[in-house]
Student: 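Sharing a structure here in structure tokens format.
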Amino acid sequence: LKSGLKQVGLTQRSSMKARFVDGVVSGAFVVLAVWTLGWLDEVEMPKLAAALSMQRMDDVKFWAPPLGAVAIVFFNAPSAPAIRNTIVALAITSLGAVCIVDMFGPGKLARALACGLAMFLMKAMGNVVPPAGAFAVLFVDNAKVQGLGYFYALMPGVTGTAVLALLAIIRLEFLKLLQPAMKRCDPKGVLTQPLLPK
């Protein structure tokens with residue numbers, strides 16, 4: 001019995017250490033990703049904005065507060081398909097919010113309908129992404145972004161999410177490259193198992 005309890009204690013400590021290592025690595029990537037979005041948002045890109053928005057916008061936007069939650073989702077994603085599904089959910093729910101505001105104008109009803117429509121669309125897709133609901137509500141509640149109209153789904157929705165997706169995929173590929181070294185350093189995967197892509 002004592003040896004069994006001792007083994008459970010060792011396993012729990014190893015699990016805590018593994019979560020700590022995973023948290024440090026994932027947290028560092030989230031810091032890098034959110035900083036990158038902020039930096040890109042400050043860089044003026046009038047030609048790209050004109051091309052993407054058919055001459056209707058002066059600059060490309062990359063940052064919106066729900067992207068912080070998207071970064072956390074992405075840097076916890078075990079594979080690239082999970083990342084792709086999130087991009088689709090954000091684009092569809094943002095478009096849905098624009099349609100709701102076009103029909104009902106901004107307000108409590110539009111906020112509720114946009115959030116409900118976001119849930120319906122995500123359930124219909126089979127992929128529920130909570131930050132996508134936040135994107136929908138942000139459009140309804142923020143008069144400044146309402147001026148973007150249908151381009152809201154593109155900027156910052158898709159532009160910011162695409163940058164996060166690219167960085168998350170780079171992270172997955174980087175961890176795949178490090179996999180042999182991690183297995184040499186930690187043959188049983190006690191500390192590195194949570195880091196390994198699936």
Side-chain angles (χ1 to χ4, degrees), residues 22-98 101 111 114-115 118 121-122 125 127-178 194-195 197:
D22 186 32
V24 167
V25 171
S26 298
F29 273 98
V30 167
V31 167
L32 172 68
V34 172
W35 181 87
T36 301
L37 290 179
W39 176 76
L40 285 171
D41 221 25
E42 292 173 354
V43 175
E44 292 185 21
M45 300 181 196
K47 290 181 181 177
L48 181 60
L52 290 174
S53 68
M54 295 176 267
Q55 307 293 333
R56 294 188 181 151
M57 297 183 70
D58 298 333
D59 198 10
V60 179
K61 295 295 169 205
F62 289 92
W63 174 251
L67 287 171
V70 172
I72 288 170
V73 169
F74 277 6
F75 291 103
N76 201 36
S79 65
I83 293 168
R84 182 189 52 79
N85 292 340
T86 302
I87 293 171
V88 172
L90 285 165
I92 289 173
T93 57
S94 295
L95 285 172
V98 173
V101 170
R111 181 185 312 122
C115 207
L121 293 170
M122 289 185 286
M125 284 177 28
N127 184 36
V128 176
V129 180
F135 255 103
V137 171
L138 179 66
F139 181 80
V140 175
D141 287 348
N142 191 326
K144 185 177 178 182
V145 296
Q146 288 170 9
L148 298 174
Y150 288 97
F151 292 106
Y152 174 70
L154 179 63
M155 293 181 258
V158 173
T159 55
T161 304
V163 170
L164 290 176
L166 177 65
L167 292 172
I169 290 169
I170 288 170
R171 172 188 168 263
L172 289 173
E173 292 302 316
F174 178 69
L175 291 175
K176 281 181 192 174
L177 286 173
L178 288 178
L195 294 173

Student: Going by the rule side chain to side chain donor-acceptor pair (under 3.5 Å), which residues pair with D141 if we only count those two or more places apart in sequence or in a different chain?
Tutor: R111

Student: Heavy atoms only: give me the nearest M122-A89 pair and the separation to one decimal.
Tutor: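 That would be CG-CB, 4.2 Å.
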
Student: Please list all pairs meeting side-chain hydrogen bond (donor to acceptor under 3.5 Å, both in side chains) that have one or both residues in residues 63-76, counting only residues at least two apart or in different chains.
Tutor: none

Student: So, taking the atom named CZ in F29 and the one named CD1 in I72, what distance separates them when rounded to the nearest 0.5 Å?
Tutor: 15.5 Å

Student: Is any side-chain heavy atom of S26 less than 4.5 Å from a side-chain heavy atom of R171?
Tutor: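 Yes; the side chains approach each other to less than 4.5 Å.
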
Student: What closest approach, in Å, do A132 and L90 show between heavy atoms, and which atom pair accounts for it?
Tutor: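 What the structure gives for the nearest pair is CA-CD2, 3.4 Å.
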
Student: Using side-chain contact (heavy atoms from CB on, under 4.5 Å) as the criterion, list what pairs up with L40, not counting sequence neighbours.
Tutor: T36, M45, F62, V163

Student: Which heavy atom of V30 sits nearest to which heavy atom of A71, and what is that distance?
Tutor: CG2-O, 4.0 Å

Student: For residues T86 and F74, determine if any side-chain heavy atom of one lies less than 4.5 Å from a side-chain heavy atom of the other.
Tutor: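 Yes, side chains in contact.
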
Student: Supply the atom-to-atom distance L95 CG to F139 CZ, rounded to the nearest 0.5 angstrom.
Tutor: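 One gets 10.0 Å once the value is rounded to the nearest 0.5 Å.
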
Student: Please round to the nearest 0.5 Å and tell me the distance separating atom CG of L164 and atom CG of L32.
Tutor: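 If we round to the nearest 0.5 Å, L164:CG and L32:CG are 10.0 Å apart.
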
Student: Could you tell me the separation between the CD1 atom of I170 and the CG atom of L177, rounded to the nearest 0.5 Å?
Tutor: 11.5 Å

Student: What is the minimum heavy-atom distance between L67 and G160, and which atoms define it?
Tutor: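 Heavy atoms of L67 and G160 come nearest at CD1-CA, 3.9 Å.
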
Student: Within the side chain of N85, is there an N or O that forms a donor-acceptor pair under 3.5 Å with the backbone of N127?
Tutor: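 No, N85 side chain to N127 backbone: no donor-acceptor pair under 3.5 Å.
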
Student: Which atoms form the tightest heavy-atom contact between L167 and A33, and what is the distance?
Tutor: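 Shortest heavy-atom contact: CD1-CA, 3.7 Å.
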
Student: Are any side-chain N or O atoms of T93 and backbone N or O atoms of G133, one a donor and one an acceptor, separated by less than 3.5 Å?
Tutor: no

Student: Would you give the length of the straight line joining atom CG of D41 to atom CH2 of W39, rounded to the nearest 0.5 angstrom?
Tutor: 11.5 Å

Student: Give the minimum heavy-atom separation between A114 and A136, together with the two atoms involved.
Tutor: O-CB, 3.9 Å

